Amino acid sequence: MTELTQARTEERIREEAKKALASGEVRAVVGWCATRFDDRTRPFFAETAEECDLLVWNPYCINGTAKFALDDRYPDQKLALILRGCDSRAVNRMLRDKQLKRENLYLIGVVCDGKENPICEECQHKTPLVYDVLIGEPAKEQIYPERFRKIEEFEKLSPDERYAYWAAQYDKCIHCYACRNACPACNCIECYADQYRVGWQGKAADREQNQIYGLTRAFHVGDRCIECGECERVCPMHLPIMRQTRKMLKDINELFGSYEGGLSEEETPALGGFRLDDPDEFM
Ligand code: SF4
Ligand code: SF4
């Protein structure tokens, strides 16, 4: 089978979306549709065969589709997702975190050719890792040798220089929570940052509160991050937030061996498991 053209892939997506809706088991198909800008698409819920013809596949299909499944955690019918490799890792993340049930999803996987998104240059999984139907010929997995290069550079700075760097970054943060809202690993039903209990988390957009928020979020998602880059992509103030989780992933790789998040529904996050015979005292 030869590589599918963009037009043929789009046609196949529409066919599979229509088939899914016609089965009667699926209430909507989440993919992308065109906008008035040639270089932008937006997430789109197709609920009828006619709407399926509005689904598109082009270099600007950038938004993640998986997190929309969290909008209804107890659905009467399945939700179908058009998913690329990164979206499939996001699905695995949420299945493993027990936030979604596999039987509530119908997954239309598409082998991805990379999008107009800098993170795609670093992608190691262009073929979805979980799907019900796959469009395209499975692509060979690639190793991205530069995965931790920026972190290694950053580690050469002194602690004071690193503090100054992040202080300047968090001075820019407007505490909008866009990073959390887009992140598939940020999937708690109620985020600690939204709780009004005294002492949990201030809401002010100042350095101290922004840093507490950023640091807490980084630790919360660090070993579960799937490296999709959505947090950075949506940040209106352009904070290099993914650098924090990449640093944690680098340390995890060095301490525990090769690790990537979201590769399967069964995988235990590196910091989420324990062994009863662990020699450390905390057991
Ligand atoms: S890259 Fe950012 S948005 Fe994606 S899983 Fe990691 S922390 Fe979340
Ligand atoms: S998206 Fe950017 S500005 Fe908004 S809370 Fe996150 S780091 Fe701050």
Side-chain angles (χ1 to χ4, degrees), residues 43 62-70 83-97 99-100 112 115 117-125 128-130 144 146-148 150-151 165-188 191-194 201-253 259-265 267 269-272:
I62 287 174
N63 299 60
T65 53
K67 204 167 174 187
F68 291 107
L70 288 187
L83 79 171
R84 306 155 296 174
C86 48
D87 302 310
S88 74
R89 290 176 69 186
V91 164
N92 278 337
R93 168 79 293 122
M94 292 185 279
L95 291 174
R96 181 66 184 88
D97 294 346
Q99 299 295 334
L100 291 177
C112 182
K115 302 297 174 196
N117 185 356
I119 194 74
C120 296
E121 288 165 23
E122 306 178 12
C123 176
Q124 306 196 123
H125 304 280
L129 295 148
V130 56
Y144 176 64
E146 303 275 277
R147 188 175 171 210
F148 298 125
K150 283 187 197 150
I151 307 300
Y165 176 85
W166 282 113
Q169 293 299 330
Y170 276 103
D171 282 346
K172 290 188 290 177
C173 171
I174 55 172
H175 219 132
C176 65
Y177 300 132
C179 47
R180 174 201 66 182
N181 294 349
C183 172
C186 275
N187 54 36
C188 297
C191 176
Y192 83 98
D194 289 333
Q201 159 81 61
K203 308 287 178 205
D206 60 26
R207 180 188 292 182
E208 184 189 34
Q209 294 302 330
N210 294 347
Q211 283 183 331
I212 290 171
Y213 163 69
L215 198 64
T216 312
R217 199 191 83 84
F219 271 95
H220 193 178
V221 300
D223 66 328
R224 297 181 303 112
C225 170
I226 57 150
E227 299 173 77
C228 61
E230 282 293 274
C231 51
E232 270 191 34
R233 186 182 69 79
V234 300
C235 176
M237 306 312 290
H238 310 294
L239 269 70
I241 324 168
M242 200 178 145
R243 197 174 284 199
Q244 300 168 336
T245 45
R246 271 263 165 89
K247 163 65 177 155
M248 289 186 68
L249 290 169
K250 177 175 178 288
D251 289 352
I252 287 167
N253 273 258
Y259 174 76
E260 285 181 90
L263 296 192
S264 86
E265 186 187 340
E267 133 214 297
L271 305 180

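Counting starts at 1 for both ligands and their atoms, in listed order. Quick caveat, the model's predicted, so the values are computed rather than measured.
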- In this structure, which one of Glu230, Lys247, Glu232, Lys150 forms a side-chain contact (heavy atoms from CB on, under 4.5 Å) with Met242? Glu232

- Message: Taking N, O or S atoms only and a limit of 2.8 Å, check whether Cys179 reaches atom 6 (Fe) of ligand 2.
- Response: yes

- Hey, does Tyr213 sit under 4.0 Å from ligand 2 if you only count heavy atoms? yes

- Numbered atoms of ligand 1 (with element) below 4.0 Å of Ile226, judged on heavy atoms: 5 (S), 6 (Fe)

- Message: Less than 4.0 Å is my threshold; does some heavy atom of Ala182 fall inside it relative to ligand 1?
- Response: no

- If you scan protein heavy atoms around atom 4 (Fe) of ligand 1, the nearest is Cys228 SG, 2.3 Å

- Salt bridge flag under 4.0 Å for residues Arg246 and Glu122: yes

- Message: Tell me whether ligand 1 is touched by Arg217 - counting only heavy atoms on the residue side and a distance under 4.0 Å.
- Response: yes

- Note on the structure: the protein heavy atom lying closest to atom 1 (S) of ligand 1 turns out to be Gly229 N, 3.1 Å

- Scanning both residues in full, the closest heavy-atom pair of Gly214 with Gln244 reads O-OE1, 3.8 Å

- Task: Examine all N, O or S atoms of Cys231, backbone included, and report whether one is under 2.8 Å from atom 2 (Fe) of ligand 1.
- Result: yes

- Query: Which is it for Val234 and ligand 2 at heavy atoms under 4.0 Å: side chain, backbone, both or neither?
  - Reply: neither

- Note on the structure: Under 4.0 Å between heavy atoms, the region of Gln244 that gets near ligand 1 turns out to be neither

- Query: Just which atoms of ligand 2 are under 4.0 Å from any heavy atom in Ala178?
  - Reply: 1 (S)

- Message: Ring centres under 6.0 Å, that's the criterion: do Tyr177 and Tyr213 meet it?
- Response: yes

